[in-house]
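Report on the structure given below.
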Amino acid sequence: MTTAVPAAQPRFGTAQILLALSVAILVIVVAVPVLLIFFNAFWVQGQFNVVDVIKVLSQHETYQALLNSLILASGVTVTGTIVGTFFAWLVTRTDLPFKGTMKVLFLVPFMLPSFIGALAWKMLLSPRSGYINRLFMDLLGLDGPVFDIYTYGGIILVETMYLFPFVFIQVAGALERMDPTLEESARISGADLFTITRKITIPLVMPSILSGSLLIMLYSMAHFGTVAVLGIEVGIYNIPTLIYEKIHQSAGSFASIRTGTVLASVLVVTAAFIMWLQNKVLARGKYQIIAGKSFRPSELKLRGLRVPMLLFCIAYIGFTIVLPTVTIFMVGGLRTYGLPFTAENMTLDNYKFILFDWQLTRDAIWNSVSLGFSAALITMTAGVIISYVIVKMKVRGKGILEFLGMLPFSVPGSVIALGVILAWSGKFGVNIYNTVWIILVAYIARYMAFSLKANSAALEQVHDSLVEAARASGATMWQALKDIVVPLVRPGMLAAFFLIFLPALRELTVSVLLYGPTTRTIGVAIYTLNEDGETVYSAALAGIALIIIVFGESVIKRLFKVGRKG
Amino acid sequence: MAYIELSGVTKRFGKVAAVNRLDLSIEQGECVAMLGPSGCGKTTTLRMVAGFEDLDDGEIRVGDRVISSKKKHFYLPPENRNFGMVFQAFAVWPHMSVFENVAFPLRIRKLPREEIQARAEEALKHTNLWSVAEGSPDDLSGGGKQRVALARALAIRPDVMLLDEPLSSLDPHFREEMRFEIKDLQRRFHHSILYVTHDQSEAMALSDRILVMKGGVVQQVGSPLEIYGAPANRFVFEFIGLSSFLQVALRDGRMEVAGASYAPPAPPPPELAAAGGAWLAARPNEIAFSTEGGVSGTVERKAYLGEVIDYRVRVGEAEVRVQKTRREPGPEVGETCGLIFARPRWYPLEG
Ligand SMILES: Nc1ncnc2c1ncn2[C@@H]1O[C@H](COP(=O)(O)OP(=O)(O)O)[C@@H](O)[C@H]1O
Ligand SMILES: [Mg+2]
């Protein structure tokens, strides 16, 4: 990318057309909704108005939601960072038994939708009816719950279980790639393992730790599901849940939309700030610690702690993954919520009912599958084009596109949802509110970041000289694209497709703000059924969602394994 | 008595012996190079001396202390060995300044501040790094980083210096310069050095003795001159410098090559004569062209490499490499010529 590529300008116009197309996609899908949010927040009755924004922000309700988002996000960031770093160190730098398996298991929470987890924990630990609480109250004769999940602590705990992999994955990767001789040279210099960990290892992986924690923070700030399931009941709102409450309860009144847009603006600014911080951390901390030829990290011998540590990991996984999952399936099989789990109380009818008989849930499954598929296809295609222009083309005006391309990364789901409501409810002549189309548009905006990331990573691997060699052998620009570039970036495209399709299947934050009577998604259906007290159906649908997700993930694993071999 | 003594040192990974019954002794102030192709077990040996790997058999002693012993189940931890080590990939800590890198081992030893300052300064000055002491090692070239690693190892006044291919990550022209610097430092400080390399010229230039290794087994130990002049086997001959080989049959005091019979350039050892065949080995510049006599061959290629001319001469199935200086007369491509082996060496066919 250092020399001008003649290949990029086959004929006057092509580059410009692609650039214009890319800019148009990003403007329509992402920029306009975000701008409309700022516009609605700051532009009142024909003028720019900051006083009013401050007034909205200083209302108790909004102020408290901001504070809650901050409290919850900080709490989750701290706990998630500790848990993630500890387990990452354990599976990469010690002689823990079954390290490889453990490493895979610690990534499972990434697959599981956190609001389904929250649902399970509600069933287990809600103060009065939670199974664990009731068990202990019966067993020990307590008159209060052992643990109340409807608290800040409860929410932080549940979010931590699902978000710690952000840190885990980054730190484990850094520890694995890190040149082990960096630590060995400290050892031979006379430092013991404790000193090495403190003075060498931790400082060297600090950028990865920080970058992972910022991701947790970003995600938790904008996180809807867990707080919606565990907080709303006792009046704990964060920014996204308050936006949801405002939009839903007041049926689109001006005041509530404004509060929503102000909250959304805060969210965008915060998210952008966190993203900026993360880039800074990564750029500054780009230590050259990647391993050379030496490939043997020194393993800390746990000795007497080996088995206890293994048991601890198993207990952690059992408690955070197995227990909630089993709970979901068990509750999904109950005749009535609250009954004890005995054989005569269990049935498969719930599953049959929601899969085959009930229009609402059948619609939801169909909606999620078709929305996920179309969103993945469209976003993948758009992502290839945009990434190609950004990574490979030399064309004037690319700077705008690069800027626009950053946008999707820092726009949280609830902001996108609110933005598309503002943009597509008839104000500009198109009204698709209450249809699946508005959800589709929102999904495209929401997942554009994934597509851009996967595709540009793949394209960066394709060195310009490969195309140049094809051109030198007589291929035209389009032949070179078709025969060289496309086959090489196909894995990236495939990755992008599934990176979008799977999360879209279980999406809640966006669709919960946009759904209409017949356009529930799986996430929305699970959430609303739970709200309406249809706990067993909600759990049964959640169980089915889990099966679809796990099935999907394993298909992809297969696919990519085969792809790499072939 | 030798200062460092490895006896019967063995290391297995799974079933394969990466190092097999290795004996080596190094005197105080001596520099021994461990030389061999990639994967022959050099790094593993060095890591055992450093204390990073346990032994599967054998013992390592320094002075009168045992530092690693399979039998006694004793391993002095690396941090207590007081060795200096330099790694191939530099292993300087990017989050510390150059000075802090060098001062780190001294701080670990809880030396007084003034002494840390003085020793780090001394080490940095010896390695020409004093002017960049406050900078980040990431801003230095490969050679600069390796000098930081060297200064760091020197600062503790180690009993033994271990260097694992310290020059192979450097650009070629830095390599030569660093080679002299290391030699210089060794002369000044009289460390005992175990120096790992796969580059024979590096080993020749730096070391008092060379140990040649292959597949975890020692092939030969000796001074650079011995190793070059009298390689113990075909492998060592081929690994040290350029080489030409001819497979010959030995019968009735004569040697046969490609269907022709010649008087051997020197009498082969009786056991090879008895075996009926051998490798005839020579350095390309030890082979002369002659118009009458000598092993007959045809010149296939002739390349001018500046001062020398490189010939490839076909003798039956084999190709013999011959080098002559530009000024010496030689045959042209396609011409037949006789090859006279001035300093022939004989090696058994198997091995
Ligand atoms: N930790 C290890 N596990 C398995 N095999 C190893 C390990 N370390 C080294 N080996 C093997 O032992 C042999 C010697 O390796 P090494 O000492 O690094 O060779 P060298 O430094 O001479 O290139 C190689 O075949 C290598 O693959
Ligand atoms: Mg090595």
Side-chain angles (χ1 to χ4, degrees), chain A residues 85 92-95 170-171 174-211 280-303 306, chain B residues 13 38-39 43-44 46-47 49-54 77-96 100-111 136-140 142 145 148-150 152-156 158 160-162 164-166 168-169 198:
Chain A
T85 308
T92 52
R93 280 304 154 91
T94 70
D95 61 348
Q170 297 246 353
V171 176
L175 283 174
E176 257 163 17
R177 286 193 313 270
M178 191 170 137
D179 184 347
T181 59
L182 286 167
E183 286 162 315
E184 283 170 358
S185 54
R187 189 106 197 265
I188 202 89
S189 300
D192 55 40
L193 278 170
F194 178 69
T195 313
I196 295 172
T197 307
R198 212 162 39 95
K199 291 264 173 83
I200 308 289
T201 317
I202 293 187
L204 285 179
V205 294
M206 194 44 98
S208 307
I209 297 178
L210 282 180
S211 132
K280 207 147 170 80
V281 166
L282 284 179
R284 206 177 52 99
K286 246 191 204 150
Y287 294 137
Q288 300 163 7
I289 59 171
I290 303 307
K293 279 184 193 145
S294 187
F295 51 85
R296 292 152 287 198
S298 43
E299 281 184 350
L300 176 71
K301 303 245 184 316
L302 293 172
R303 303 190 196 279
R306 228 171 146 231
Chain B
F13 293 111
S38 176
T43 298
T44 308
L46 206 67
R47 289 170 57 83
V49 175
F52 291 123
E53 304 276 4
D54 290 357
E79 60 265 37
N80 298 338
R81 293 192 173 194
N82 200 43
F83 289 179
M85 189 161 179
V86 176
F87 298 86
Q88 180 173 4
F90 319 131
V92 294
W93 302 302
H95 62 298
M96 298 181 188
E100 280 308 315
N101 262 279
V102 177
F104 180 86
L106 305 173
R107 293 196 201 287
I108 294 286
R109 283 169 172 70
K110 301 208 167 36
L111 297 180
S136 159
D138 266 355
D139 298 336
L140 300 177
K145 282 186 190 137
V148 177
L150 211 54
R152 184 174 62 190
L154 286 172
I156 61 167
V160 176
M161 284 283 272
L162 306 173
D164 189 356
E165 312 212 10
S168 64
S169 303
H198 66 258

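Throughout, a chain's letter reflects where its sequence line sits, starting with A, and its residues are numbered from 1.
- The line from CG of B:Leu46 to CE of B:Met85 is 4.5 Å long, rounded to the nearest 0.5 Å.
- Under the ring-ring contact (aromatic ring centres under 6.0 Å, His included) criterion, B:Phe104 pairs with B:Trp93, sequence neighbours left out.
- For the side chain to side chain donor-acceptor pair (under 3.5 Å) test, residues two or more places apart in sequence or in another chain that qualify with B:Arg109 are B:Asn82.
- Residues B:Pro158 and B:Arg81 have side chains not in contact (no heavy-atom distance under 4.5 Å, counting atoms from C-beta outward).
- Proximity to chain A is limited to the side chain of B:Arg152, based on heavy atoms less than 4.5 angstrom apart.
- Only the side chain of A:Thr195 comes within contact range of chain B, with at least one heavy atom under 4.5 Å from a heavy atom of that chain.
- Contact count versus chain A (heavy atoms, under 4.5 Å) is highest, among B:Pro105, B:Ala153, B:Pro137, for B:Pro105.
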